[in-house]
Amino acid sequence: MPVPALAARVANPVGVYPPVPVAWHHTRVSLVGRAGLGEEIDLTGFAGKSWPGVFIQPGATGLDAPPFALFSDESPNQDGAMFRYSRAAAREIMIPVYIHGVDRKTVNALKRQFFQALNPKQGHCLIRFTENGVTR
């Protein structure tokens, strides 16, 4: 995610000013396994009282709008094509994480919990993004 920066207000002859970026609020990212019924794993902060946790790292990809597949029919005797429909294609989301524990036992417990949440045999996995009180 880009980091917001302050823009200097410099008057120009036309009187048009560059836009001032809005300050970003905290974005919360969490992961829920077992078809959305499992335990929620917070990836952006401390979910519990203890220090061990799974944290998201910079470099996440695939979080923007999905690619769309466009379908059309070409007519043999006419120029161009007739648009039929579009469909959002599948995409791969890559989120680098850092698993931190106070000792080997806590790291292994966190890894097991994280891998069980991602196990497709246990059901699909939900990634929740919450920003300004809106969850998607």
Side-chain angles (χ1 to χ4, degrees):
M1 289 184 355
V3 178
L6 295 176
R9 288 196 162 254
V10 179
N12 57 26
V14 183
V16 178
Y17 299 97
V20 177
V22 178
W24 288 20
H25 298 286
H26 181 70
T27 300
R28 182 174 181 267
V29 181
S30 63
L31 181 101
V32 184
R34 299 183 186 192
L37 302 175
E39 183 179 348
E40 185 172 14
I41 301 171
D42 192 12
L43 299 178
T44 53
F46 302 102
K49 298 175 185 175
S50 58
W51 167 246
V54 181
F55 304 104
I56 190 170
Q57 296 292 296
T61 60
L63 300 176
D64 294 327
F68 279 85
L70 302 175
F71 298 92
S72 61
D73 290 334
E74 291 187 12
S75 180
N77 295 328
Q78 294 178 348
D79 293 337
M82 178 64 74
F83 174 76
R84 301 281 291 185
Y85 62 95
S86 64
R87 176 175 98 90
R91 65 177 169 203
E92 192 172 89
I93 296 176
M94 301 294 288
I95 301 177
V97 295
Y98 174 73
I99 298 176
H100 183 83
V102 293
D103 57 6
R104 183 170 173 78
K105 183 180 176 181
T106 58
V107 169
N108 286 336
L110 283 170
K111 279 177 29 180
R112 273 193 302 277
Q113 178 189 10
F114 191 65
F115 294 155
Q116 286 174 357
L118 294 174
N119 187 352
K121 292 183 179 181
Q122 300 287 331
H124 62 272
C125 179
L126 298 176
I127 300 173
R128 293 186 180 142
F129 290 85
T130 305
E131 188 171 30
N132 297 334
V134 178
T135 301
R136 61 180 181 96

Looking only at heavy atoms, which two atoms of Gly36 and Leu126 are closest? And how far apart?
CA-CD1, 3.4 Å
What one should report as the nearest heavy-atom pair of Val29 and Asp42 is O-OD1, 3.1 Å
About how many Å separate CD1 of Ile41 and CZ of Phe55, when rounded to the nearest 0.5 Å?
12.0 Å
Looking at Glu74, I'd like to know if its CD atom is crowded, meaning that more than 12 non-hydrogen atoms belonging to other residues, nucleotides or ligands lie closer than 6.0 Å.
no
Interatomic distance, Glu39 atom CD to Leu31 atom CG [nearest 0.5 angstrom]:
11.0 Å
Indicate the atoms forming the closest heavy-atom contact of Val32 with Gly38, along with that distance.
CG1-O, 3.5 Å
Out of curiosity, Glu131 CD to Thr27 OG1, how far, rounded to the nearest 0.5 Å?
3.5 Å
What's the spacing between Thr130 OG1 and Arg136 CZ if we round to 0.5 Å?
9.5 Å
I'd like to know if the side chain of Arg91 reaches the main chain of Asp64, judged simply by a donor and an acceptor atom lying under 3.5 Å from each other, with no hydrogens or angles considered.
yes
Atom CG in Asn119, atom CZ in Arg34: separation rounded to 0.5 Å?
8.5 Å
Looking at every heavy atom in both Ser30 and Glu40, which two are closest together, and how far apart are they?
OG-OE2, 2.6 Å
Could you check Ile127 against Ile95 for side-chain contact (heavy atoms from CB on, under 4.5 Å), going step by step and ending with a plain yes or no?
CA-CA 10 Å; Ile127 300 173; Ile95 301 177; 4.1 Å; yes
Gap between atom OH of Tyr98 and atom CD1 of Ile56 - 0.5 Å precision:
15.5 Å
If you draw a 6.0 Å radius around OH in Tyr85, do more than 12 non-hydrogen atoms from other residues or ligands fall strictly inside?
no
Residues Pro67 and Ala90: closest non-hydrogen pair is CG-O, 4.3 Å
In terms of heavy-atom contacts, Gly62 and Ile93 come closest through O-CG1, 3.4 Å
